[in-house]
Each structure stands twice: as structure tokens, then as C-alpha cells.
Amino acid sequence: MADVKEVRAWAEGGDAGAQCELGKRYLYGKGVAQDYAEAARWLRLSAAQGSAAAQTNMGWMYANGLGLPLDEAEAARWYTLAAEQGEPYAQCRLGAMYDYGRGVPQSDEEAARWYRLAADQGDADAQNNLGFKYEWGEGVPQDSTEAARLYALAAEQGLPAAQANLAASYADGTGVPQDHGEAAKWYLRAARQGHPRAQASIGAIYALGVGVPQDYGEAMRWYLLAAGQGNENAQIGLGLMYDRGIGAEQDYGEAMRWYMKAAEQGSAAGQYNVGVMHDQGKGVPPNPVEAARWWLLAAEQEDSDAQNNLGWACEHGSGVPEDHAEAIRWYTLAAEQGHADAQYNLGTMHYFGKGVPQDYGEAVKWYMLAAELDHAGAQFHMGVMYLNGMGVSEDPVEALKWYLLAAEQGYADAQYAMGASFEEGIGVGQDYAEALKWYRLAADQGHMDAQYDLGMMYADGKGVPEDLSEVLKWCRLAADQGHMDAQISMGWAYGNGAGVPQDHKEALKWYRLSADQGNGEAMYNIGLMYENGTGVGKDIPEAIKWYRLASERGDADAQCNLGNIYSKGSGVPQNHAEALRWYRLAAEQGHPSAQYSLGWMYLSGEGVAKNDVEAARWYRLAADQGDADAQYNLGVMCSKGIGVPKDFEAALRWIRLAAAQGHAGAISVLSQIK
């Protein structure tokens, strides 16, 4: 290489090559003190003589404001002069200026044209940039195969950006056959050159074990290198590893720190995760307001996870005012991006009419979209819709299909529905063994309805031998979760000493738990205990209180017992009118004892005008249900023609039915007939 004096002599003599060389030496401080002004002076002289190299450097100095005013238009002018002479670097730089509209009008077509000219000369940056244009169809027809070819040319020259792009092509199978091993190879080459995106990607590859053996230590190492360069994906990757305790001891504080670094750079994923940490109180105190604030930032960047979570916050008033219309808006934005949870949530809003008019058709539309993405909850609800004909034609077979898809994913509600379908033979042949299988799967997940129904299968011997210990085991599990009917079953078991030591106080405890949930049968049982003094002091007013509570919920046994109390005046003044009112309520529900008592009141004219026909009608209703007293009395009325035509054959038939049940009066009458 000539020394500076020799180069200067030639340059001062007007040699364009020497002028360019001297300008570059001043530009880079090679053999002389770095001096941008001197560099510009000599490069301009050379460029004026048509030196493409000098013109390229003049473009670079204007583009970066080195010794010259920052002037992208002037930079583009000099790059154009050099590019038209075939200078590949200038062609590539000019392509970039058209790509981003710097100093020239933005034009993907012009960018691609100049990139191609440089790429054809082997310029690696141009090959990579042109590959990107083909990948996304910018200024050229979209062609992922051509994109991968160009990335490969640049990658083989060692360009880390191209190596990362080629790796992504192999990872996604875009333009080349999917090959995770090749993807890892190229990401690793770029990562070793310090390329942050490649470092983040190879970190993720090691974390997942895709194309390489899973190695959390390597994942952490590469994530740290990329995160140190400010790579958002690596920062989020580190956050996830600390969050989940993978590759490092679980540390929510560290997780939050890395998520925050990404969030503060504007990363939507980082903002979303910071919101989750605030929502769940991980690394920070729980703060739904902060959670919603971060989700909003991410949601406004179209992050579908954040949009869905923000919809949930608006639906439930968590950190933001409850606003179902706003919830619908955010759910819709996420759902339209294919977010299955949002589609499911949107379906549920339409199902219940929250924020929108109730519309089963719309509910089905969104449930179906989520169900087709294997969302188990949506599949279960599609089963519900088909079973009940809501928004679709009623179709139990189709319902069972959707239940099965959700059940096979372990969705407990669907497993329970499968059990119920097989037990009742709905949409499928009745099969107790299958019912037991599905009930058990749901019950083992703590599904209280499945636990109770499984207990009842053992109680009734459906598909299994009757087994009181199994009944109590499953009923207790369900009762402990608040299942009303299971609590009644536990009360009955303790009250009768069935499978457990008899303990009326324990029985009363379970009945009260069920009654507290509004269960009329439990209220009736409590009333019965107070009426009879079982496990408690006999207390008719307290019994009446509980019977009334049960009666208000339509419990016919309680209504009949109230009728008995008022009819006999047991602990209260006798009141036939009140007795009649309660008997009638129970009788109209088909309660045979109440029907008999109502018949007796019409026959005797107590609390009501005597009416033999009405008496016979009510006796007949009770007799048809096997009430022995009603059968005997109806037989007597038939024999005497009271309220009914005289009919000795009918009289004998009813009296024989009563006698078969041990009715003393009927037995006496039959003995006299004989």
C-alpha cells in the first residue's frame, strides 16, 4: 500500500483514484488523523471525475451527516450516480433509501430493482433485503422459495441477518421444507456473530428442545446475551423462565423485571405479561387497576391475549368500571384474530345477553369457531346448544359428539354430561358402565355433580353392586363442596345410622347446610326433626317455621305436614281452613296423604262445605297411588253409593287392595264377608 505522501502527491496531481483513496483515509483515520472535512474535500474531487467509489462514500457521508450536513436527498443523488455505474454497495444503499422513502419517494418496486442489481453482483446485504421483499411480496410477486434462495446466498457469505432469516424459513417451512435442525444450525451461526434476534431464537429453541436437545442452561445463556442487547423476545423469554422456574429458580421479581424491560420498549407481549403479574400478584402486590392499564397498552397494539383479558376485566369490573358493551368490543377484536378464548367468551356474552341482546344463534356462531380450534369449553357448550335446541336444531346425537371432544380433553363438565347421557340413554344407548366411567373421570377432578351422581349409581346398583360405603364416600365429597342433594343424603345417612354411626346432630348439621342454599327438602327434614324432637328439643313453632319455608319452595311433604298440624291443633290452635289450604297445595302436587286428608275434609265438612263427590274424587286420586286409608274409605263409599254410584264389585276391589297392605278396617270387613 502506498504511503500517505505518495497518495497525496498523486491526488494533488488530479488522479481520481488517489483522491478517492486519500478521502477514505481521512474518513476512517488510516495513516492520518481522522478528518471528515478533509475526507469530504478529496472524495468530492474524485466523485466529480466520476469515481463510483468516491460517489458511494459521498452518499454515505451525507446519509450519516459526517463532515457534511445530514441530507438524505443529497445522499440519494450520490448513491444514484454510483449505482448507475454498477457499484453494488451504492445500489444496495439506494435500494434501502427507496425501501424506506429516505431522500427519495418510497417505492417498493424501485427498492427491489436496485437490490436485484446489487444482489446479482453478490452483495450479501442486497441478497438478504431482496429476499425479504420476495418473502412479503413488496415490489415483487410474493415468492417464499425465491426468498429462501436469496437468504441462503447471503447466509453462506456469513451475513448474520440473512442466516437468521434463513433459519426462520426452515423453522416455518416457508420456501424450504420444514427442518428444525437446519433452523437451529443457522440461528446458531448468526447468534455466534452476536445477532440478537438469532440469539433470542436459539434460546427459545433450546428451551423447547426443537431441533436440538432441550437445554434450559443454554436457553438462559442465549436469552441473556440477546436481552443484554435489548431484544424484547429474549427479555420475555427470560421472564417466562423465571416465572415458571425453568432453567432458574422460580423468581417472580426477576420475571417481572425482564417483562418490564420489554414492556418499556413498547413490546405488546411484555405489556401483556406485566399485566398478568399485576393481576395475579406475582412479584408485585395484586393490583387489578395496573393489570388493566398494561393490558390496555398491549390491546391497543392488537395483542389478542391482552384484548381478551381486557374484555374479561370490563365484563367483571376488575380494575376498570364494569361495562359489558366495552367487554364485547374487546372480545370481538380478539375473536376476529382467531383467539379461541375470546370467541368462547363472546359466545357466552351472547348466550346470556350481556352487553348485547340474548341471541343463541350468535352464541352458536362464536362457540363453533372456538370449538373448531379445540377449545374444550366451547365444545362442551356446543353440546349444550344441540341438546337443548338453542340456536340450532335439537340433536342429542350431535350434542354427544361435541361432549365427547371436550371430555377427551379432560373437561370435567363434558365428562359429567357424557355420564348423564349414557345413564339416561340420551343420544346413545343406555349404558351404565360407560356412565360410571365418565362420572368417575369427572368426579376424580372434583366435579361435585359427578361425585353425587356416581354415589347414586352405587346407591341404586346401576352398573355396579349396591355399595353404601361408596355412596357415602362420593356423597361426602360432593357435600363438602356444597352439593345440596348430597348434603341431604349425608343428613339422611346420619339420621338413620346408614353406613355411619347414628348422629342426629350431625344429620341436622347437613340438613342446615342444604337448607341454607334454599333446598326445600332439607327444610322439611329440619321441620320434621323439630316436630318429633329428634336430635333437638320438640318445638312445634320451630317445626312450623321450617315447614313454611319448605312449603314456600313447593315441598309437598311440608305442606301436608302443615295441614296435619293445623287439622289436629298440635301446638297451635286448631284451624281447619288453614289445614285445608295446605292440604290442597300438597294434593294438587299429587301428594297421596294430602289427597286422602282433603277427601276426608270434604266428606266430614270440616273447614269446607261437605261434598261427597269431591271427597270421592280426592280419595280416588290417593287410592290410585296406593294409599290404604283412601282405598278403604273409597271402598266403603262405593258400597253405600256415597259420592259415587253404588258398586259392590268396585267396593270389594278397593277394600281388598287396602287389606293387602294390612289395613285393619279392610281386613275386618273382608272377614265378615267371608
Side-chain angles (χ1 to χ4, degrees), residues 1-130 133 139 153-154 157-162:
M1 179 183 290
D3 61 26
V4 173
K5 287 183 180 180
E6 185 177 351
V7 171
R8 185 183 299 279
W10 282 100
E12 289 174 346
D15 185 88
Q19 290 168 340
C20 181
E21 176 63 24
L22 186 58
K24 288 194 292 183
R25 291 196 183 195
Y26 277 112
L27 182 60
Y28 297 110
K30 291 182 177 180
V32 293
Q34 191 173 48
D35 187 331
Y36 292 139
E38 275 297 286
R41 184 170 75 85
W42 289 108
L43 288 170
R44 190 182 298 278
L45 289 170
S46 178
Q49 294 191 64
S51 168
Q55 291 165 345
T56 299
N57 280 285
M58 284 295 293
W60 190 76
M61 291 182 77
Y62 272 112
N64 293 280
L66 298 175
L68 296 167
L70 180 65
D71 188 332
E72 292 183 331
E74 191 65 6
R77 186 176 75 82
W78 286 107
Y79 281 147
T80 300
L81 290 171
E84 287 175 344
Q85 294 191 67
E87 172 61 41
Y89 181 82
Q91 291 169 336
C92 182
R93 297 312 307 155
L94 183 59
M97 297 195 84
Y98 276 109
D99 211 349
Y100 297 101
R102 292 177 179 170
V104 290
Q106 198 281 332
S107 172
D108 290 325
E109 290 74 14
E110 278 297 288
R113 182 171 77 86
W114 288 111
Y115 285 150
R116 188 186 307 282
L117 289 169
D120 288 345
Q121 295 188 68
D123 185 281
D125 284 319
Q127 291 166 339
N128 180 59
N129 291 352
L130 186 58
K133 303 302 274 186
L153 290 172
Q157 293 190 66
L159 185 70

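In this chain, residues are counted from 1 in sequence order. In this text the structure is predicted, and so the values were computed from the model without any measurement.
- Atoms CE and OH, from M61 and Y36 in turn, are 7.5 Å apart once rounded to the nearest 0.5 Å.
- With hydrogens and angles disregarded, a donor-acceptor distance shorter than 3.5 Å links the side chain of Q106 to the backbone of D99.
- Expressed to the nearest 0.5 Å, how far CG of D120 lies from CD of Q127 amounts to 8.5 Å.
- Side chains of Q49 and Q19: a donor on one and an acceptor on the other come within 3.5 Å.
- No donor-acceptor distance shorter than 3.5 angstrom exists from the side chain of E74 to the backbone of P69, with no hydrogens or angles considered.
- For C92 against D125, the heavy-atom pair with the smallest separation is SG-CB, 3.8 Å.
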- request: Start with the C-alpha gap between R93 and T56, add the side-chain angles, then the distance that decides, and say whether side chain to side chain contact (heavy atoms under 4.5 Å, CB included) holds.
  value: CA-CA 9 Å; R93 297 312 307 155; T56 299; 5.8 Å; no

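- The closest donor-acceptor contact from the side chain of E72 to the backbone of A63 lies at 3.5 Å or more, if one exists at all.
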query: Please walk me through it: do E21 and R25 pass side chain to side chain contact (heavy atoms under 4.5 Å, CB included)?
result: CA-CA 6 Å; E21 176 63 24; R25 291 196 183 195; 3.0 Å; yes

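- Nearest heavy-atom pair across G59 and A75 is O-CB, 3.2 Å.
- Looking at Q55 and M58, their side chains never come closer than 4.5 Å, going by heavy atoms from C-beta outward.
- For the pair L27 and N57, the tightest heavy-atom approach, listed with the atom from each and the gap, is CD2-OD1, 3.7 Å.
- The shortest heavy-atom contact between G103 and A76 is O-CB, 4.1 Å.
- Between A47 and A54, the shortest heavy-atom distance links the atoms N-CB, 3.5 Å.
- Interatomic distance, Y98 OH to T80 OG1, rounded to the nearest 0.5 Å: 5.5 Å.
- Annotation for A90 and A83: closest pair CB-N, 3.8 Å, computed over non-hydrogen atoms.
- Once rounded to the nearest 0.5 Å, the distance linking CG of L81 with CD of E87 reads 12.5 Å.
- At least one donor-acceptor pair under 3.5 Å links the side chain of Q157 to the backbone N or O of G122.
- Atom CG of L45 is separated from atom OG of S51 by 11.5 Å, given to the nearest 0.5 angstrom.
- L43 has its side chain within reach of C20: a pair of non-hydrogen atoms, C-beta onward, lies under 4.5 Å apart.
- W42 contributes atom CH2, which lies 8.0 Å from atom OH of Y26 (distance to the nearest 0.5 angstrom).
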Candidate pair Y79 and W114, rule side chain to side chain contact (heavy atoms under 4.5 Å, CB included), full reasoning: CA-CA 11 Å; Y79 281 147; W114 288 111; over 6 Å; no

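- Listed for the Q121 side chain is a donor-acceptor partner under 3.5 Å among the backbone atoms of G86.
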query: So D123 and Q91, side chain to side chain contact (heavy atoms under 4.5 Å, CB included) or not? Walk me through it.
result: CA-CA 9 Å; D123 185 281; Q91 291 169 336; over 6 Å; no

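- Residue Y28 qualifies as enclosed at atom OH: its count of foreign heavy atoms under 6.0 Å is above 12.
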